[in-house]
Amino acid sequence: MPRPKRKAAPPSRSSDADSSVRSEAKKPRGNQSNRIDQLFESYVNKTLGLIDPEGIEALCKDVNVDHTDVRMLIFAWKMKAEKQGYFSKDEWRRGLKCLGADTHAKLKKAVEGLDKELKAPECFEDFYSYAFQYCLTEEKQRSVDIETICELLNIVLKSEFPNQVNLLIEYLKVQNDYRALNMDQWRSFYRFFKEVEFDDLENYDSSQAWTVIIDNFVEWLKEKEKN
């Protein structure tokens, strides 16, 4: 998932202490809820009472998944995490109970297979909308900057629509009409990729209530083809 911009340096940690805590958490004790809480404690910033960006980096290392891997964004979606780069205890409990993960080994296995959670179209559409919402980091924010949108497209859609994503990112970087995009525009990209054949664009119908940015993108594609 896109790396959050930190407003202040997190409290210092002792890597040895962290390693020791996580080692203790690997020893199953008590019932499932207690074990899930023990896992949370192995990554939590105790001052904040949250798993912060540093804790997420430690988690990524433990489960052997890069923070830019789509599975980390899916993991946040399963928890219904509200603030980018931070997991609360309630969110952690919700996600790990849903995944049936109460040990490090189970968590690693669950994260490795998270891409399977998106096989159903309705699940992917919900996740796709969540990915945008997760990037709204300020109160009352309704749009996401173009640079972050391009990162999201690479993470969320490129595996399924590589050519389309490359072209859209190329367009977004050269156009001057938009500095940020809203949810409707973000959703229109996925719909466009699903419904329109990129080879010739013959089935594109501008009367079908597309967002203006899609109309502009199609015009750009046609001009690009001419050249």
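Nothing here was measured: the structure is a model prediction, and the numbers come from that model. Computed from heavy atoms alone, side chains included, the values below leave out hydrogens, waters and symmetry copies.
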Q: Salt-bridged, Glu160 to Lys194, with N to O below 4.0 Å?
A: no
Q: With a 4.5 Å heavy-atom cut-off, do His67 and Glu57 have their side chains touching?
A: no
Q: Could you check whether any side-chain heavy atom of Ile146 comes within less than 4.5 Å of a side-chain heavy atom of Cys150, counting everything from C-beta outward?
A: yes
Q: Any sub-3.5 Å donor-acceptor pair from Asp69's side-chain atoms to Val65's backbone N or O?
A: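 No; judged by distance alone, with no hydrogens or angles, the pair does not exist.
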Q: For residues Ser207 and Asp205, is any side-chain donor paired with an opposing acceptor at under 3.5 Å?
A: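 Present: a donor and an acceptor within the cut-off.
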Q: What is the minimum heavy-atom distance between Val144 and Leu136, and which atoms define it?
A: CG2-CD2, 3.6 Å
Q: Could you check whether Asp62 and Tyr43, counting side-chain N and O atoms only, form a donor-acceptor pair closer than 3.5 Å?
A: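 The criterion, which ignores hydrogens and geometry beyond distance, is satisfied for Asp62 and Tyr43.
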Q: If I take atom CG from residue Leu96 and atom NZ from residue Lys106, how far apart are they, to the nearest 0.5 angstrom?
A: 10.5 Å
Q: Is there side-chain contact between Tyr204 and Ile214, with heavy atoms separated by less than 4.5 Å?
A: yes
Q: Shortest non-hydrogen contact from Ala101 to Ile36?
A: O-CG1, 3.6 Å
Q: Does the pair Asn216 and Glu219 meet the rule for a side-chain contact (heavy atoms from CB on, under 4.5 Å), with working shown?
A: CA-CA 5 Å; Asn216 293 346; Glu219 289 303 313; 5.6 Å; no
Q: Mind listing the closest non-hydrogen atom pair of Trp210 and Val196 along with its distance?
A: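 Looking at all heavy atoms of both residues, the closest pair is CZ2-CG2, 4.1 Å.
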Q: With rounding to the nearest 0.5 angstrom, report the NZ to CG distance, Lys78 to Leu99.
A: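 The CG atom of Leu99 is 6.0 Å from NZ of Lys78, to the nearest 0.5 Å.
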Q: What's the spacing between Gln208 CD and Asn203 CG if we round to 0.5 Å?
A: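 Gln208 atom CD to Asn203 atom CG measures 8.5 Å (nearest 0.5 Å).
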Q: Got a salt bridge between Lys224 and Glu170, using NZ or NE/NH1/NH2 to carboxylate O under 4.0 Å?
A: yes
Q: Looking at CG of Leu152 and CG of Leu181, how far apart are the two atoms once the value is rounded to the nearest 0.5 Å?
A: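 Taking CG in Leu152 and CG in Leu181, the distance rounds to 10.5 Å.
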Q: Begin from the C-alpha positions of Ile56 and Phe75 and carry the test side-chain contact (heavy atoms from CB on, under 4.5 Å) through to its verdict.
A: CA-CA 11 Å; Ile56 292 176; Phe75 185 55; over 6 Å; no
Q: To the nearest 0.5 Å, how far apart are CG in Asn182 and OG in Ser143?
A: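 Going from CG on Asn182 over to OG on Ser143, the span is 7.5 Å.
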Q: Show your reasoning for whether side-chain contact (heavy atoms from CB on, under 4.5 Å) applies to Val165 and Asn154.
A: CA-CA 7 Å; Val165 166; Asn154 272 324; 3.9 Å; yes
Q: Aromatic ring centroids of Phe189 and Phe217 under 6.0 Å?
A: no
Q: Flag the pair Trp92 / Val44 as yes when at least one side-chain heavy-atom distance between them is below 4.5 Å, and no otherwise.
A: no
Q: Please report the shortest heavy-atom distance between Leu50 and Tyr86, naming the atom on each side.
A: CD1-CD2, 4.2 Å
Q: With the threshold set at 4.0 Å, does a side-chain nitrogen-carboxylate oxygen contact exist between Glu41 and Lys46?
A: yes
Q: Check for a donor-acceptor pair, side chain of Tyr130 on one end and backbone N or O of Ala76 on the other, with a separation under 3.5 Å.
A: yes
Q: Go through it in stages, so that I can follow the logic: the residues are Lys158 and Asn166, the test is side-chain contact (heavy atoms from CB on, under 4.5 Å), and I'd like the CA-CA distance, side-chain angles, deciding distance and then a yes or no.
A: CA-CA 8 Å; Lys158 191 167 184 176; Asn166 286 339; 3.1 Å; yes
Q: Between Arg71 (side chain only) and Asp115 (backbone N and O only), is there a donor and an acceptor less than 3.5 Å apart?
A: no
Q: What closest approach, in Å, do Val156 and Ala131 show between heavy atoms, and which atom pair accounts for it?
A: CG2-CB, 4.1 Å
Q: Could you measure the distance from the OH atom of Tyr134 to the NZ atom of Lys83? Nearest 0.5 Å is fine.
A: 10.5 Å
Q: Looking at Glu122, I want to see if its CD is surrounded by more than 12 non-hydrogen atoms of other residues, nucleotides or ligands under 6.0 Å.
A: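 Atom CD in Glu122 is crowded, with more than 12 foreign heavy atoms closer than 6.0 Å.
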Q: Assess whether a salt bridge exists between Lys80 and Glu91, defined as any Lys/Arg side-chain N lying under 4.0 Å from an Asp/Glu carboxylate O.
A: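 The answer is no: the pair does not qualify as a salt bridge.
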Q: List the atom of Glu125, the atom of Tyr190, and the distance in Å for their closest heavy-atom pair.
A: CG-CE2, 3.6 Å
Q: Could you tell me whether Arg179 and Asp145 have a side-chain N and a carboxylate O separated by less than 4.0 Å?
A: no
Q: Charged N to carboxylate O under 4.0 angstrom, Lys226 versus Glu223?
A: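 Yes, charged N to carboxylate O under 4.0 Å.
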Q: Look at the rings of Phe198 and Phe192 and say which category their plane angle falls in: under 30° parallel, 30 to 60° tilted, over 60° perpendicular.
A: perpendicular
Q: Phe161 vs Phe193 aromatic rings, parallel, tilted or perpendicular, using cut-offs 30° and 60°?
A: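 It falls in the tilted class, 30° to 60°.
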Q: Distance alone, cut at 3.5 Å: any donor-acceptor contact between the side chains of Trp77 and Asp126?
A: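 There is such a pair (donor and acceptor under 3.5 Å, judged by atom type) between the side chains of Trp77 and Asp126.
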Q: Scan side-chain atoms only and decide if Arg187 and Ser129 contain a donor-acceptor pair under the 3.5 Å cut-off.
A: yes
Q: Could you tell me if the side chain of Leu172 sits less than 4.5 Å from the side chain of Leu153, heavy atoms only?
A: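 The answer is yes; the side chains approach within 4.5 Å.
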Q: Between Gln175 and Tyr178, is there a donor-acceptor pair closer than 3.5 Å when you use the side chain of the first and the backbone of the second?
A: yes
Q: Between the side chain of Trp186 and the main-chain N/O of Tyr128, is any donor-acceptor distance below 3.5 Å?
A: yes
Q: Say whether Thr68 and Asp66, considering side chains only, have a donor N or O and an acceptor N or O under 3.5 Å apart.
A: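 Yes, Asp66 and Thr68 have a side-chain donor paired with an acceptor closer than 3.5 Å.
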Q: Is the closest basic N to carboxylate O distance between Lys108 and Glu112 below 4.0 Å?
A: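 Glu112 and Lys108: salt-bridged.
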Q: Among Arg93, Gln32, Lys89, which residue satisfies the side chain to side chain donor-acceptor pair (under 3.5 Å) criterion with Asp37?
A: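 Only one option passes, and that is Arg93.
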Q: Got Cys135 and Gln84 here, is their nearest side-chain heavy-atom distance under 4.5 Å?
A: yes
Q: Just by modelled atom types, is the Glu138 backbone N or O under 3.5 Å from a matching donor or acceptor in the Gln141 side chain?
A: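 Between the backbone of Glu138 and the side chain of Gln141 there is a qualifying donor-acceptor contact (under 3.5 Å).
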Q: Can you tell if the side chain of Asn45 reaches within under 4.5 Å of the side chain of Glu54, non-hydrogen atoms only?
A: no
Q: Is any side-chain heavy atom of Ser33 closer than 4.5 Å to one of Lys97?
A: yes
